Colleague: 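One structure coming up, written as structure tokens, with questions to follow.
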Amino acid sequence: MSRKFDVVVIGAGPAGYIAAIRASQHGMTVACIDEWVNRDGSNAFGGTCLNAGCIPSKALLESSELFHRAEHEFSKHGIQHKGVTMDIAAMQSRKDGIVRQLTGGIAGLFKASKVEGLVGHGRLLADKKVEFTAKGAKPETIEARYVVLASGSVPVELSVAKFDGKRIVDSWDALDFDAVPKRLGVIGAGVIGLELGSVWNRLGAEVVVLEAMDDFLFMADREIAKEAAKQFKKQGLDVRLGAKMTAAKVKGKSVLVDYEDKSGKQSLEVDKLVVAVGRRPFTGELLADDAGVKLDSRGFIEVDHECRTSAKGVFAVGDCVRGPMLAHKGSEEGVMAADLIAGEIAELNYNVIPSVIYTAPEIAWVGKTEEEVKASGRAYKTGSFPFAASGRAKAMEQTAGMVKIVAAKDDDEILGVHILGPMAGELISEAVLAMEFSASTEDLQRTIHAHPSLAEAVHEAALAVDKKALNFPNR
Ligand code: FAD
Ligand code: NAD
């Protein structure tokens, strides 16, 4: 007799494991299938985010930033030292420990919530049946009332720069380097390129980032992107725009990269090359021919605004469906799917998903850029406040950047908030909450912010929208 569950989730990344836990909170019987295999052959829940993405990258960003500050900033505080050195093995083992703790934590959460965590491959058959194959075992058919697909994404591989796992690598390998490469090439100045480029640059690598687009951080507000580019240049990150790679070949211990920019053919020799040109949805061996789930032209699982697929009772969430490939977006979709399955009303406001790039300074935004508002034709006003005028930022020795708010001229509604600066990824939550409640800049202006705090910069930017900033001349 086949096992039966109310809900079977395929994929235990941040989208899938959260869907499973929420479904169990509704009193449903739940199984969550995941096949993730780490480099050492071990299995772990948590998907890309915990094993090879958000968490390990943030651990390395923290370590490398502390090293950088010790080298370049401590003396300003009067802290004298006779040179600092970095123990890469210790840095990597701290990172691995954090990953182990958190992925083990999901197994613990499953146990506590009575979610059956199944290690192996899941494949959706017709009529909400799922074929589960544990390693080395025969396939077993599991029956479900509802299925949630959360199979995630994988890095895009370029035909002109095939991954070899040693010299031409993806972001996962770039998180695991056991030594600082002397010369590091990065293809793509997107989120991964900037975050991992920063890590290895701070630790001493000469980093060259080749970006095909002419605009730096094309998805961000132009003013913020321009200022961020200035800061990265100061840090020694060599970002070359309009650079189209034509070939990358391993030669001995080097990688020879050919690319073209507006001055013509160029070449670059590096010790390692990280290719970070985006990720694609992963649906390998996920769907039987008669599963009834449609994919769109780019390979994403087709879903409606409630994450329902074309097969009745089958939902899909996270990186394998449309929308930004972000852990928090996937998790909230997982919650929505589980709530809908439980018969509750649930929806997700896709207009207020925050984006954060964890460089130093951090870059964070929510809502529309000034350029997008301008293009929409809606009359608008803007206000900004530099961290150079913030007492807290000065005390922290982190005065680069600003908070910028774009608001509607007619009803003062906040349309977008853009932050370049210390803890931007934390500060943006206030803006997300404000926008979720359709707040006006006046609402922010009249909200009391603690002093001295970085959040005062958000307050002052809101005041600046109406030329009422108190700690900076209004323009
Ligand atoms: P995934 O996390 O990819 O999980 C999918 C899981 O499903 C995997 O474990 C996979 O093995 C499993 N699976 C797939 N198919 C099957 C099958 N048929 N059977 C069984 N199991 C299956 N996002 C942020 O929001 N913030 C960040 O700071 C951030 N940093 C990142 C840094 C890096 C270097 C990378 C690469 C990504 C980063 N991301 C970040 C993106 C984030 O990791 C993804 O958006 C997120 O992991 C997507 O979650 P998911 O659950 O949809 O998919
Ligand atoms: P990305 O889409 O952020 O950036 C890819 C960059 O590569 C783009 O700027 C693109 O123009 C460029 N590019 C594409 N093809 C190129 C080529 N042939 N030559 C040179 N440049 C080229 O993708 P990513 O950095 O690989 O990240 C993948 C996903 O992971 C993103 O969608 C992101 O949301 C997610 N992620 C998020 C975070 C975070 O939230 N902090 C961190 C890392 C990754």
Side-chain angles (χ1 to χ4, degrees), residues 9-19 32-37 43-58 60-61 103 118-124 130-133 149-156 158-161 170-172 174-175 186-197 199 209-219 239-246 257 259 274-287 316-321 323-331 333-334 353-359 362-364 425:
V9 182
I10 303 180
Y17 90 76
I18 289 292
C32 185
I33 303 173
D34 195 285
E35 64 183 357
W36 185 275
V37 185
N43 295 103
F45 295 125
T48 306
C49 172
L50 275 81
N51 290 290
C54 322
I55 300 302
S57 61
K58 267 76 254 180
L60 296 190
L61 279 156
T103 55
L118 301 174
V119 176
H121 185 76
R123 184 161 161 266
L124 180 70
V130 173
E131 182 187 80
F132 167 60
T133 315
L149 304 172
S151 54
S153 63
V154 289
V156 167
L158 296 174
S159 59
V160 288
D170 64 13
S171 54
W172 193 5
L175 288 165
V186 181
I187 308 298
V191 196
I192 293 181
L194 292 175
E195 289 188 354
L196 294 187
V199 165
V209 187
L210 301 181
E211 166 58 49
M213 307 272 284
D214 293 327
D215 285 330
F216 179 63
L217 279 181
F218 64 93
M219 62 288 200
V239 180
R240 302 181 189 173
L241 298 173
K244 292 174 188 71
M245 185 182 54
T246 48
V257 182
Y259 67 96
V274 183
V275 180
V277 294
R279 296 177 61 84
R280 63 175 174 81
F282 177 69
T283 53
E285 301 296 319
L286 176 70
L287 306 166
V317 295
D319 279 11
C320 63
V321 305
M325 289 183 166
L326 295 171
H328 42 283
K329 173 262 193 188
S331 295
E333 286 181 335
I353 299 175
S355 294
V356 183
I357 306 178
Y358 293 85
T359 44
E362 291 182 356
I363 307 167

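Worth saying up front: this structure is predicted, and the values here are computed from it rather than measured. Numbering of ligands and ligand atoms starts at 1, following listing order.
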Colleague: Is Glu211 in contact with ligand 2, taking contact as a heavy-atom separation below 4.0 Å?
Modeller: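 Yes; Glu211 lies near enough to ligand 2 that a heavy-atom distance drops under 4.0 Å.
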
Colleague: Among all protein heavy atoms, pick out the one at the shortest distance from atom 8 (C) of ligand 1; state its residue, atom name and that distance to 0.1 Å.
Modeller: Asp34 OD2, 3.5 Å

Colleague: Using a 3.5 Å cut-off on N or O atoms only, is Gly122 in polar contact with ligand 1?
Modeller: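 Yes; at least one N/O pair falls below 3.5 Å.
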
Colleague: Which one of Asp319, Leu196, Val191 has a non-hydrogen atom at the shortest distance from atom 42 (C) of ligand 2?
Modeller: Val191

Colleague: Checking a contact table here: which protein heavy atom is nearest atom 39 (N) of ligand 1, and how many Å away?
Modeller: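 Ranking protein heavy atoms by distance from atom 39 (N) of ligand 1, first comes Cys54 SG, 3.7 Å.
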
Colleague: For ligand 2, is any non-hydrogen atom under 4.0 Å from Lys244's backbone (N, CA, C, O), its side chain (CB onward), both, or neither?
Modeller: neither

Colleague: Does ligand 2 have a heavy atom under 4.0 Å from the side chain of Leu326, from its backbone, from both, or from neither?
Modeller: side chain

Colleague: To the nearest 0.1 Å, how far is atom 1 (P) of ligand 2 from its closest protein heavy atom, and which atom is that?
Modeller: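 The answer is Gly190 CA, 4.1 Å.
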
Colleague: Could you check whether any side-chain heavy atom of His121 comes within less than 4.5 Å of a side-chain heavy atom of Glu131, counting everything from C-beta outward?
Modeller: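 His121 does not reach Glu131 side chain to side chain.
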
Colleague: Would Asp319 count as a polar contact of ligand 1, with the cut-off being nitrogen or oxygen pairs under 3.5 Å?
Modeller: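 Yes: some nitrogen or oxygen of Asp319 is under 3.5 Å from one in ligand 1.
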
Colleague: Provide, to 0.1 Å, the distance between atom 30 (O) of ligand 2 and the closest protein heavy atom, together with that atom's residue and name.
Modeller: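 Checked against all protein heavy atoms, atom 30 (O) of ligand 2 sits closest to Arg279 CD, 3.7 Å.
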
Colleague: At a 4.0 Å threshold, what atoms of ligand 1 neighbour a non-hydrogen atom of Ala150?
Modeller: 5 (C), 6 (C), 7 (O)

Colleague: Suppose we measure from atom 35 (C) of ligand 2 to each protein heavy atom; which comes out shortest, and what is that distance?
Modeller: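 So the nearest neighbour among protein heavy atoms is Met325 O, 3.4 Å.
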
Colleague: Pick one of side chain, backbone, both or neither for how Phe45 approaches ligand 1, counting any non-hydrogen atom pair under 4.0 Å.
Modeller: neither

Colleague: If you compare all heavy atoms of Cys320 against all heavy atoms of Phe282, which two are closest, and at what distance to 0.1 Å?
Modeller: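 So the two residues come closest at CB-O, 4.4 Å.
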
Colleague: So between Glu35, Glu285, His328, whose heavy atom ends up nearest atom 21 (N) of ligand 1?
Modeller: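 Among Glu35, Glu285, His328, the closest heavy atom to atom 21 (N) of ligand 1 belongs to Glu35.
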
Colleague: Hey, which atoms in ligand 2 end up nearer than 4.0 Å to a heavy atom of Val356?
Modeller: 39 (C), 40 (O), 41 (N)

Colleague: Among all the protein's non-hydrogen atoms, which is closest to atom 33 (C) of ligand 1, and how far away is it?
Modeller: Gly53 CA, 3.3 Å

Colleague: Which of the numbered atoms in ligand 1 are below 4.0 angstrom from a heavy atom of Gly152?
Modeller: 1 (P), 3 (O), 5 (C), 52 (O), 53 (O)

Colleague: Tell me which protein heavy atom sits closest to atom 18 (N) of ligand 2, plus the residue, atom name and distance to 0.1 Å.
Modeller: Leu158 CD1, 3.9 Å

Colleague: Considering only protein heavy atoms, which is closest to atom 51 (O) of ligand 1, and at what distance to one decimal place?
Modeller: Ala15 N, 3.0 Å

Colleague: Name the closest protein heavy atom to atom 7 (O) of ligand 2, giving the residue it belongs to and the distance to 0.1 Å.
Modeller: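 Of every protein heavy atom, Gly188 CA, 3.3 Å lies nearest to atom 7 (O) of ligand 2.
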
Colleague: What protein heavy atom is closest to atom 28 (O) of ligand 1, reported as residue, atom name and distance in Å?
Modeller: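 For atom 28 (O) of ligand 1, the nearest protein heavy atom comes out as Lys58 NZ, 2.7 Å.
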
Colleague: Could you list which atoms of ligand 1 come closer than 4.0 Å to a heavy atom of Leu286?
Modeller: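 This gives 18 (N) as the contact atoms.
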
Colleague: Does ligand 1 have an atom that lies less than 4.0 angstrom from a heavy atom of Lys329?
Modeller: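 No.
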
Colleague: With heavy-atom distances below 4.5 Å as the criterion, would you say the side chains of Pro354 and His328 are in contact?
Modeller: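 Of all side-chain heavy-atom pairs linking His328 with Pro354, at least one is under 4.5 Å.
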
Colleague: Just to check, does Ala52 reach to within less than 4.0 Å of ligand 1 when the distance is taken from its heavy atoms?
Modeller: yes

Colleague: Could you find the nearest protein heavy atom to atom 17 (C) of ligand 2 and give me its residue, atom name and distance?
Modeller: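 Of every protein heavy atom, Val277 CG1, 3.8 Å lies nearest to atom 17 (C) of ligand 2.
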
Colleague: My understanding is that we take every heavy atom of each candidate and find the minimum distance to atom 49 (O) of ligand 1. Doing that for Gly13, Pro14, Gly318, Gly330, which one comes out nearest?
Modeller: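 Among Gly13, Pro14, Gly318, Gly330, the closest heavy atom to atom 49 (O) of ligand 1 comes from Pro14.
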
Colleague: Would Gly334 count as a contact residue for ligand 1, given that I'm defining contact as a non-hydrogen atom of the residue lying under 4.0 Å from a ligand atom?
Modeller: no

Colleague: May I ask you to identify the nearest protein heavy atom to atom 41 (C) of ligand 1, giving residue, atom name and distance to one decimal place in Å?
Modeller: Met325 O, 3.7 Å

Colleague: Measure from atom 1 (P) of ligand 1 to every heavy atom in Thr48, Thr283, Leu326, Leu287 and give the option owning the shortest one.
Modeller: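 Result: the heavy atom closest to atom 1 (P) of ligand 1 is in Thr48.
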
Colleague: To check your reading of the model: name the closest protein heavy atom to atom 24 (C) of ligand 1, its residue, and the distance in Å.
Modeller: Ala327 N, 3.5 Å

Colleague: Name the closest protein heavy atom to atom 43 (C) of ligand 2, giving the residue it belongs to and the distance to 0.1 Å.
Modeller: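 Heavy-atom neighbour on the protein nearest atom 43 (C) of ligand 2: Ile192 CG1, 3.4 Å.
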
Colleague: Should you measure from each heavy atom of Tyr358, which atoms of ligand 2 turn up under 4.0 Å away?
Modeller: 41 (N)

Colleague: Taking 4.0 angstrom as the limit and counting only heavy atoms of Ile192, give me the atoms of ligand 1 inside it, by number and element.
Modeller: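 Numbered from 1, ligand 1 contributes 35 (C), 36 (C).
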
Colleague: If you count the atoms of ligand 1 from 1 in the order shown, which ones are under 4.0 Å from a heavy atom of Gly47?
Modeller: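 Answer, ordered by atom number: 2 (O), 4 (O), 8 (C), 9 (O).
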
Colleague: Using side-chain heavy atoms (C-beta onward) and a distance below 4.5 Å, is Lys329 in contact with Val321?
Modeller: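 Lys329 reaches Val321 side chain to side chain.
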
Colleague: Quick one: look at Ser153 and ligand 1, take heavy-atom pairs under 4.0 Å, and tell me if it's side chain, backbone, both or neither.
Modeller: backbone

Colleague: For ligand 1, indicate whether the residue Trp172 contacts it via side chain, backbone, both or neither (heavy-atom separation under 4.0 Å).
Modeller: neither

Colleague: Just let me know how Leu196 lines up against ligand 1, side chain, backbone, both or neither, with a heavy-atom cut-off below 4.0 Å.
Modeller: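 For Leu196, there is no contact with ligand 1 at all, from either part.
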
Colleague: Give the atoms of ligand 1, by number and element, whose distance to some non-hydrogen atom of Phe282 is under 4.0 Å.
Modeller: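 Per the distance check, 14 (C), 15 (N).
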
Colleague: Please confirm whether Arg123 approaches ligand 1 to less than 4.0 Å, judged on its heavy atoms.
Modeller: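 No, Arg123 has no heavy atom closer than 4.0 Å to ligand 1.
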
Colleague: Do ligand 1 and Cys49 have nitrogen or oxygen atoms that lie under 3.5 Å from each other?
Modeller: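 For ligand 1, there is an N or O atom that lies under 3.5 Å from one belonging to Cys49.
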
Colleague: Would you say Ala276 contacts ligand 2, with heavy atoms under 4.0 Å as the rule?
Modeller: yes

Colleague: Could you list which atoms of ligand 2 come closer than 4.0 Å to a heavy atom of Met213?
Modeller: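 Contacts of ligand 2 toward Met213, numbered from 1: 11 (O).
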
Colleague: Got the closest protein heavy atom to atom 19 (N) of ligand 2, with its distance?
Modeller: Ile187 CG2, 3.5 Å

Colleague: Among all protein non-hydrogen atoms, which one is nearest to atom 15 (N) of ligand 1, and what is the separation to 0.1 Å?
Modeller: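 Result for atom 15 (N) of ligand 1: Ser151 CB, 3.4 Å.
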
Colleague: For atom 20 (C) of ligand 1, tell me which residue out of Gly120, Ala44, Gly11, Cys32 has the closest non-hydrogen atom.
Modeller: Gly120

Colleague: Counting only heavy atoms, tell me which of Ala212, Ser57, Gly278, Ser153 gets closest to atom 23 (O) of ligand 2.
Modeller: Gly278

